[in-house]
J.: 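Got a structure here, written out as structure tokens. Questions coming.
Residues take their numbers from the sequence shown, with the count starting at 1.
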Amino acid sequence: QVQLVESGGGLVQAGDSLRLSCAASGRTFSSCAMGWFRQAPGKEREFVAAVNRIGGNTGHADSVKGRFTISRDNAKNTVYLQMNSLKPEDTAVYYCAAVLTANSGRYYSNLNEYPYWGQGTQVTVSS
């Protein structure tokens with residue numbers, strides 16, 4: 001079982017930066033590939049970024065490439081999402097997700113592959 005707690009959301013202006021954190025419980029964090037997803041009002045949850053177990057392989061949605069960066073610190077059981085140049089269309093609830101995997105090199109971009117989810121943190125970007 002993996003429990004996830006997100007933090008770092010808030011209300012910012014367009015062009016500002018935020019860093020989201022997701023702290024994981026348990027001893028299995030380094031066995032988990034991690035992902036960030038978001039859900040805006042009235043829309044489906046969508047992929048934002050993902051990272052493999054050891055942090056050397058990442059993927060980002062086209063809508064955030066060049067602005068957002070996912071990273072992880074296995075010593076701290078934490079995954080991060082650095083968000084720069086925020087836009088109003090980035091407004092959403094951001095969720096952290098985890099999947100236990102034996103494949104150390106792979107990240108996962110399909111939300112259906114993630115059995116463990118945090119409660120979400122709100123990010124609001126005003127124009």
J.: Could you tell me whether Q3 atom CD has more than 12 heavy atoms of other residues or ligands within 6.0 Å of it?
T.: no
J.: Nearest 0.5 Å please: distance from the CD atom of E44 over to the CD atom of E46.
T.: 10.0 Å
J.: Side chains of N52 and R106: does their closest heavy-atom pair fall under 4.5 Å?
T.: no
J.: Are R72 and F29 in a cation-pi contact, defined as NZ or CZ under 6.0 Å from the six-membered ring centre and within 45° of the axis?
T.: yes
J.: With a 4.5 Å heavy-atom cut-off, do Y107 and N57 have their side chains touching?
T.: yes
J.: Measure the shortest side-chain to side-chain distance between Y116 and T28 over non-hydrogen atoms and say whether it is less than 4.5 angstrom.
T.: no
J.: Show your working on side-chain contact (heavy atoms from CB on, under 4.5 Å) between C32 and T101 and close with a plain yes or no.
T.: CA-CA 6 Å; C32 292; T101 176; over 6 Å; no
J.: Side-chain contact, heavy-atom cut-off 4.5 Å: M34 with R53?
T.: no
J.: With sequence neighbours excluded, give me every side-chain hydrogen bond (donor to acceptor under 3.5 Å, both in side chains) pair touching residues 7-21.
T.: S17-N84
J.: Mind checking whether L4 and V79 sit in one hydrophobic cluster, side chains of I, L, V, M, F, W, Y counted as touching below 4.5 Å?
T.: yes
J.: Could you grab the distance from atom CG of N74 to atom OG of S30, nearest 0.5 Å is fine?
T.: 5.5 Å
J.: Would you give me the side-chain donor-acceptor pairs under 3.5 Å for residues 91-98, sequence neighbours excluded?
T.:
residue : atom : partner : partner atom : Å
T91     : OG1  : P88     : O            : 2.9
T91     : OG1  : V125    : N            : 2.9
T91     : OG1  : V125    : O            : 3.4
Y94     : OH   : R38     : NH1          : 2.9
Y94     : OH   : D90     : O            : 2.6

J.: With a 4.5 Å heavy-atom cut-off, do L86 and L18 have their side chains touching?
T.: yes
J.: Rounded to the nearest 0.5 Å, how far does CZ of F68 lie from CE of M83?
T.: 5.0 Å
J.: Hey, mind stepping through W36 and C22 against side-chain contact (heavy atoms from CB on, under 4.5 Å) and telling me if it holds?
T.: CA-CA 9 Å; W36 284 99; C22 172; 3.7 Å; yes
J.: Tell me, with the steps shown, if W117 and V2 meet side-chain contact (heavy atoms from CB on, under 4.5 Å).
T.: CA-CA 8 Å; W117 291 84; V2 180; over 6 Å; no
J.: Counting distance only, does the side-chain N/O of Y114 pair as donor-acceptor with the main-chain N or O of S109 below 3.5 Å?
T.: no
J.: Walk me through whether L20 and V123 qualify under side-chain contact (heavy atoms from CB on, under 4.5 Å).
T.: CA-CA 9 Å; L20 305 183; V123 173; 4.0 Å; yes
